[in-house]
Amino acid sequence: MAAKGALSRYFLGAGAKVLRATEVDPATSNGHEFQGVDLFRTFVGTPPAREKIPVTWIWMDDLSPPLRLDLTGTWYNSRQRQPHRAPEYRLYYPAAAHPVVRHARAGDTLFLCMTPARRVLAILCPAASSAEQKLLWLFGLQLTDDYTLSIGAAGDRGIDLAARFILGELGIEPDEPEPEAAERLIRRFGTGFPSTAVFSAFARDSVAGVDPLADPDGALIAWMEQEEALFRVLERHVVTDRLAGGFMTAGRADVAGFLGFSLTVQNRRKSRAGYAFAHHTEALLKAWAIPHKREAATEKRNAADFLFPGEAAYADPAFPAGRLHMLAVKTSCKDRWRQVLAEADRIRVKHLLTLEPAISRAQLAEMQAHDLRLVVPQPLHQTFHADQRPWLTGVKEFLTFLRASGGAG
């Protein structure tokens, strides 16, 4: 998994702590402040008086998109009037932050992260959630059992696929150097987007040193990383060209045209990754000569992303169910993984391929209980707890399983 850049470009440091009821539960206390965060003065400083600082308040869970509010907070020494005692700094949150803070409960987790622009990200998430696990892995932190902040400098952790995934959920788009194929990309496609299949094929063809047979896990990641980088190049080129043309009609600002163009850009970003993931997955299946049907119909008008060996075998009652297999592909799971359970009744154990790192123990246990096996590219296994990894299936392992089980025809 290629590592580009470093986390320290986006964060000076971060800390994490378990929340008390007195910090977030209005029925327990109306204190409106986070305690046990004194160590964060390493990054915020030790002002002699109360100081308002810029804070982005974020609630992250495993079901919904993050909720974020760009506000302020007050950093102050709670012992300012007790000069005989050592200073103890706390972070006071305003009433405007309640839509974020009131989601949290006692035992949930607070992350405080300092950016180079000296804006604090205060991220709250449920205890033992995938969101918590991702952030602990990203910043290399461990929670303590005394409700105080554990901190660390961001360091030189590379911005690989897993880190970019998490930063994207925080609304941070890492800067990346243009890939070598950028000029060839613009010459071929100009200021228009080709079909997703054509774009994915171009991305695969422009990556050197990839062997989908020997290392399908690495190939899948390399293809996705290349497509992401190339997409940003072409998107920037297309958007720049359109903005240069202006949004004026008959001498008046074309607000509707601008909003429509902006919505198109956003929708393309959201849908493109899923199509790309499926295209690259199919390229691996073809490289391994594994018979399959993409977007195959099963029953009740459900469709499996990939069905092995195909629709005819699935529809044939005489074909052994043990030789039927299916694979769903989702760049991220969240709560959408449950959709997979209804996609092929004849197949008891289903497989889901994802690029989502650091999924929680609770979510994996629920998948296990529903006979859903998670397929994750091998380099992403490091983001999971050690006791989770034996249950994960790598891409090469899954392809080998298809061949050995007779699911290849």
Side-chain angles (χ1 to χ4, degrees), residues 1-2 160-162 164-165 179 181 194-231 271-296 303-311 313-314 323-333 337 340 343-344 347 349-357 372-383 389 392-409:
M1 182 164 50
D160 55 17
L161 186 69
R164 281 199 300 277
F165 184 103
S195 70
T196 57
V198 169
F199 195 90
S200 293
F202 180 90
R204 288 193 298 274
D205 292 341
S206 64
V207 179
V210 169
D211 188 342
L213 292 177
D215 183 16
D217 296 78
L220 185 57
I221 287 180
W223 289 341
M224 286 298 292
E225 289 182 328
Q226 179 76 341
E227 175 144 352
E228 178 72 17
L230 290 173
F231 174 81
S271 64
R272 172 201 55 82
Y275 284 114
F277 196 27
H279 294 325
H280 297 316
T281 300
E282 186 165 35
L284 286 179
L285 294 171
K286 289 179 177 178
W288 278 63
I290 294 178
H292 64 278
K293 178 67 170 70
R294 185 172 172 182
E295 297 179 0
D305 290 333
F306 293 96
L307 188 64
F308 311 97
E311 284 179 334
Y314 188 86
R323 293 179 59 199
L324 295 171
H325 305 286
M326 64 151 293
L327 178 68
V329 292
K330 296 183 183 296
T331 53
S332 63
C333 294
W337 65 267
V340 179
E343 289 179 356
I347 300 173
V349 178
K350 298 173 172 62
H351 289 84
L352 169 61
L353 172 62
T354 187
L355 295 175
E356 182 170 354
L372 182 66
R373 295 283 305 194
L374 204 60
V375 182
V376 181
Q378 192 67 41
L380 296 180
H381 289 203
Q382 59 164 317
T383 69
R389 295 170 195 165
L392 303 176
T393 300
V395 177
K396 186 172 185 177
E397 181 184 356
F398 177 67
L399 295 173
T400 303
F401 159 77
L402 285 177
R403 281 183 168 176
S405 67

Query raised in the report: So, for Val340 and Lys350, which heavy atoms are closest and what is the spacing to 0.1 Å?
Result: O-CD, 3.4 Å

Query raised in the report: Is there a donor-acceptor contact under 3.5 Å from the side chain of Lys396 to the main chain of Ala214?
Result: yes

Requested in this report: Measure the spacing between CZ of Arg373 and CD of Glu397 and express it to the nearest 0.5 Å.
Outcome: 7.5 Å

Report task. Mind checking the CG-CZ spacing from Leu353 to Phe398? Nearest 0.5 Å is all I need. Result -> 8.0 Å

Report summary line: Residues Pro216 and Leu399: closest non-hydrogen pair is CB-CD1, 3.8 Å

Query raised in the report: Quick one: does Leu380's side chain get under 4.5 Å of Leu392's, heavy atoms only?
Result: no

Query raised in the report: So which heavy atom on Val210 is nearest to which on Pro212, and how close?
Result: O-CD, 3.6 Å

Report task. Begin with the C-alpha distance, continue with both residues' side-chain angles, and end with the deciding distance and a verdict on side chain to side chain contact (heavy atoms under 4.5 Å, CB included) for Leu402 and Trp288. Result -> CA-CA 10 Å; Leu402 285 177; Trp288 278 63; over 6 Å; no

Query - Residue pair Glu282 / His292, side-chain heavy-atom distance below 4.5 Å - result: yes

Query raised in the report: Quick one: which of Leu230, Leu161, Leu220 gives a side chain to side chain contact (heavy atoms under 4.5 Å, CB included) with Glu225?
Result: Leu161

**Report entry** Full working for side chain to side chain contact (heavy atoms under 4.5 Å, CB included) between Met326 and Tyr314
**Finding:** CA-CA 10 Å; Met326 64 151 293; Tyr314 188 86; over 6 Å; no

Requested in this report: Assess the side chains of His325 and Ser405: does a donor N or O sit below 3.5 Å from an acceptor N or O?
Outcome: yes

Report task. Check for a donor-acceptor pair, side chain of Asp217 on one end and backbone N or O of Pro379 on the other, with a separation under 3.5 Å. Result -> no

Requested in this report: Any chance you could measure Asp215, atom CG, to Gln378, atom CD, to the nearest 0.5 Å?
Outcome: 9.5 Å

Report task. Kindly give the heavy-atom pair with the smallest separation between Val376 and His381, and that separation in Å. Result -> O-NE2, 2.8 Å

Query raised in the report: For the atom pair CZ (Phe231) and CD (Glu228), what is the distance rounded to the nearest 0.5 Å?
Result: 7.5 Å

Query raised in the report: Shortest non-hydrogen contact from Thr354 to Thr331?
Result: OG1-O, 3.2 Å

Query raised in the report: Could you go step by step and tell me if Leu285 and Phe308 meet the side chain to side chain contact (heavy atoms under 4.5 Å, CB included) rule?
Result: CA-CA 10 Å; Leu285 294 171; Phe308 311 97; 3.8 Å; yes

Query raised in the report: Where do Phe165 and Ser332 land on the side chain to side chain contact (heavy atoms under 4.5 Å, CB included) test, with the steps shown first?
Result: CA-CA 9 Å; Phe165 184 103; Ser332 63; 3.6 Å; yes

Query raised in the report: Distance-only, no hydrogens or angles: does the His351 side chain make a donor-acceptor pair with backbone N or O of Leu327 under 3.5 Å?
Result: no

Report summary line: Separation between CG (Asp160) and CD1 (Ile221), nearest 0.5 Å, reads 8.0 Å

Query raised in the report: Does a donor on one side chain sit under 3.5 Å from an acceptor on the other, for Glu227 and His280?
Result: yes

Query raised in the report: To the nearest 0.5 Å, how far apart are OG1 in Thr196 and CZ in Arg272?
Result: 10.0 Å

Query raised in the report: Counting only N and O atoms by type, is there a donor-acceptor contact under 3.5 Å from the side chain of Glu356 to the main-chain atoms of Cys333?
Result: yes

**Report entry** Heavy-atom closest contact (Leu352 atom, Val329 atom, distance)
**Finding:** CD1-N, 4.3 Å

